[in-house]
Amino acid sequence: MAQMELTGKKRGKSREMAIKYIFADVDGTLGIGGIGIPEKNRLAIRKYVEEGGSFGVCTGRSPDSVKGFIGDLPINTLSVVNGGCALYDFQKGEYLDELCVEEDALQFAFSMKKELEQFTECRIVIVNRTNYWQVKTKEDQTACQQQNSYPIALLEQIEKPWYRIILCVSAQDGIKCAEFVRSHKPDGVRIEHTEDTLVEIMNEASGKGDALRRACRYLGGTAEEAAFIGDFFNDIGALKAAGLSACVKNAPQEVKDCCDMVLSDCMDGAVAEFIERVQKII
């Protein structure tokens with residue numbers, strides 16, 4: 001395996017490294033929901049895997065959601081799903097190392113919902129193995145109509161384990177809401193701002209960065225041997241953990257500052273460009 005001397009924003013100094021695995025975020029990086037995955041990315045991934053490369057995803061989506069989005073695109077290495085709450089083997093169809101939230105996290109979410117509703121709309125969504133569920137409780141009748149394609153369910157109807165609890169807020173208030181929720185965070189949970197409208201509550205040991213490290217340990221390597229490309233705040237942990245990191249052109253500046261390289265836009269084939277650059281060093 002060839003090695004490359006890397007000097008990047010993230011590292012601050014040159015170092016030698018070898019890359020064994022490539023991981024990509026899905027939404028906003030690999031493709032865009034409702035639009036699809038650019039053909040450049042599809043061709044590059046297929047070619048990389050056919051030539052013996054290891055490609056995985058590191059995403060907030062569930063495995064079924066990933067499969068529905070990527071179709072027959074190959075994922076041939078252990079992957080990070082549900083925002084780092086689980087590892088999944090797409091070839092075997094098996095979950096590994098699941099990290100869940102408990103009832104106290106839900107109580108915290110409802111308390112935050114009450115506080116946030118003083119200045120923004122707010123709904124609660126629970127993520128389990130099968131879907132995203134908009135919560136309707138006997139006490140809280142505000143979840144009265146389906147939004148964002150999330151089915152509505154009473155709390156007692158949502159099967160455990162629960163991976164994440166999401167506060168859905170208005171896009172213009174997303175950053176403010178995330179900061180507010182973090183300032184009230186209890187022990188045992190972590191807060192991630194995963195999209196403009198989503199503030200997520202999850203197990204403290206989860207998150208994409210720690211999950212990427214766990215995945216690489218399962219594979220017999222380290223995160224330093226992984227390359228990762230993302231696009232948003234919740235990708236920062238994985239960008240910092242990976243040996244080589246990149247983001248799409250329209251990523252927030254805080255994300256760009258964590259990366260070794262800033263590439264093209266998602267739909268212009270940023271993942272294909274990343275694979276091409278990684279292949280030059282392996």
Side-chain angles (χ1 to χ4, degrees), residues 25 27-28 33-34 59-62 65 82-85 99-128 130-211 230-237 250-255:
D25 174 50
D27 294 284
T59 178
R61 287 183 180 241
S62 69
S65 178
N82 286 298
C85 297
L99 297 171
C100 306
V101 291
E102 303 299 336
E103 294 286 348
D104 54 351
L106 182 64
Q107 294 172 10
F108 171 65
F110 273 104
S111 70
M112 288 295 96
K113 179 180 186 292
K114 184 177 180 180
E115 295 291 335
L116 293 174
E117 284 180 334
Q118 298 178 47
F119 60 86
T120 188
E121 62 185 47
C122 184
R123 294 173 291 112
I124 289 180
V125 169
I126 291 178
V127 185
N128 65 5
T130 61
N131 213 338
Y132 287 61
W133 302 92
Q134 186 180 172
V135 177
K136 179 178 179 179
T137 67
K138 295 174 183 177
E139 296 77 20
D140 177 15
Q141 298 297 312
T142 59
C144 58
Q145 57 183 337
Q146 186 169 316
Q147 299 183 42
N148 294 340
S149 301
Y150 301 149
I152 298 170
L154 291 168
L155 189 60
E156 54 268 30
Q157 296 174 321
I158 304 174
E159 186 177 353
K160 293 185 178 181
W162 298 342
Y163 288 135
R164 294 173 285 157
I165 301 169
I166 305 176
L167 297 168
C168 300
V169 298
S170 60
Q172 64 266 30
D173 294 314
I175 293 176
K176 179 169 64 173
C177 291
E179 291 174 350
F180 180 84
V181 175
R182 283 195 186 98
S183 71
H184 292 77
K185 183 187 82 68
D187 293 338
V189 302
R190 70 183 296 140
I191 309 300
E192 294 279 8
H193 185 199
T194 57
E195 292 183 20
D196 289 338
T197 61
L198 304 182
V199 180
E200 304 200 7
I201 301 165
M202 57 185 69
N203 188 295
E204 189 172 36
S206 63
K208 289 186 177 182
D210 289 338
D231 75 297
F232 204 63
F233 297 113
N234 60 316
D235 294 319
I236 287 176
N250 64 335
Q253 188 60 47
E254 296 94 322
V255 176

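These numbers were taken from a predicted model, which means no experiment stands behind them.
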Between the CG atom in Leu155 and the CG atom in Leu106, the distance rounded to the nearest 0.5 Å is 5.5 Å

Separation of Asp196 CG from Ile175 CD1 (nearest 0.5 Å)
7.5 Å

Any donor-acceptor pair under 3.5 Å from Asn128 side chain to Asn131 backbone:
yes

Rounded to the nearest 0.5 Å, the SG atom of Cys122 sits from the CG atom of Leu116 at a distance of 5.0 Å

Distance, nearest 0.5 Å, that separates CD of Gln157 from CD1 of Ile152:
11.0 Å

Would you say CD of Glu115 has more than 12 non-hydrogen atoms from neighbouring residues, nucleotides or ligands within 6.0 angstrom?
yes

Quick one: do Cys177 and Phe119 satisfy side-chain contact (heavy atoms from CB on, under 4.5 Å)? Show the steps, please.
CA-CA 9 Å; Cys177 291; Phe119 60 86; 3.7 Å; yes

So which atom in Leu99 and which in Gly84 form the shortest heavy-atom distance, rounded to 0.1 Å?
CD1-O, 4.3 Å

Holding to salt bridge (Lys or Arg N to Asp or Glu O under 4.0 Å), I want the full list of residues that pass it with Arg61, two or more places apart in sequence or in another chain.
Asp27

For the side chain of Asn203 and the backbone of Ala205, is there at least one donor-acceptor N/O pair under 3.5 Å apart?
yes

Answer yes when Arg164 and Glu200 have at least one side-chain N-carboxylate O distance shorter than 4.0 Å, and no when they do not.
yes

Strictly distance-based, threshold 3.5 Å: is any side-chain N or O of Glu179 a donor or acceptor partner for the main-chain N or O of Lys176?
no

side-chain contact (heavy atoms from CB on, under 4.5 Å) between Phe108 and Ile191, intermediate numbers included
CA-CA 12 Å; Phe108 171 65; Ile191 309 300; 4.1 Å; yes

With sequence neighbours left out, what residues match Thr120 under side chain to side chain donor-acceptor pair (under 3.5 Å)?
Ser170, Asp173

Do Cys168 and Thr197 make a side-chain contact, defined as non-hydrogen atoms from C-beta onward lying under 4.5 Å apart?
no

Output yes when Glu103 and Lys160 qualify as a salt bridge under the 4.0 Å nitrogen-oxygen rule, no when they do not.
yes

Measuring only between side-chain heavy atoms, which start at C-beta, is Arg190 closer than 4.5 Å to Asp210?
yes

Nearest heavy-atom contact between Gly60 and Tyr132 is O-OH, 3.2 Å

Quick one: closest heavy-atom pair of Pro186 and Val189, and the distance?
O-CG2, 3.5 Å

Once ring-ring contact (aromatic ring centres under 6.0 Å, His included) is applied, what residue pairs with a partner in residues 178-206 remain, sequence neighbours excluded?
Phe180-His184, His193-Phe232, His193-Phe233

Under the side-chain contact (heavy atoms from CB on, under 4.5 Å) criterion, do Ile165 and Ile124 qualify, and how do the steps go?
CA-CA 7 Å; Ile165 301 169; Ile124 289 180; 3.9 Å; yes

Report the C-alpha distance between Asp231 and Val255 in whole Å, list the side-chain angles of each, state the deciding distance to 0.1 Å, and finish with yes or no for side-chain contact (heavy atoms from CB on, under 4.5 Å).
CA-CA 7 Å; Asp231 75 297; Val255 176; over 6 Å; no

Rounded at 0.5 Å granularity, tell me how far OG in Ser62 sits from OH in Tyr163.
9.0 Å

Is a donor from one side chain sitting under 3.5 angstrom from an acceptor on the other, for Arg123 and Tyr150?
no

Considering only heavy atoms from C-beta outward, does the side chain of Asn234 approach that of Lys208 to under 4.5 Å?
yes

Closest heavy-atom pair, Pro161 versus Cys100, reported as atoms and distance to 0.1 Å, is CB-SG, 3.3 Å

To the closest 0.5 Å, what do you measure between CD (Gln134) and CD1 (Ile166)?
11.5 Å

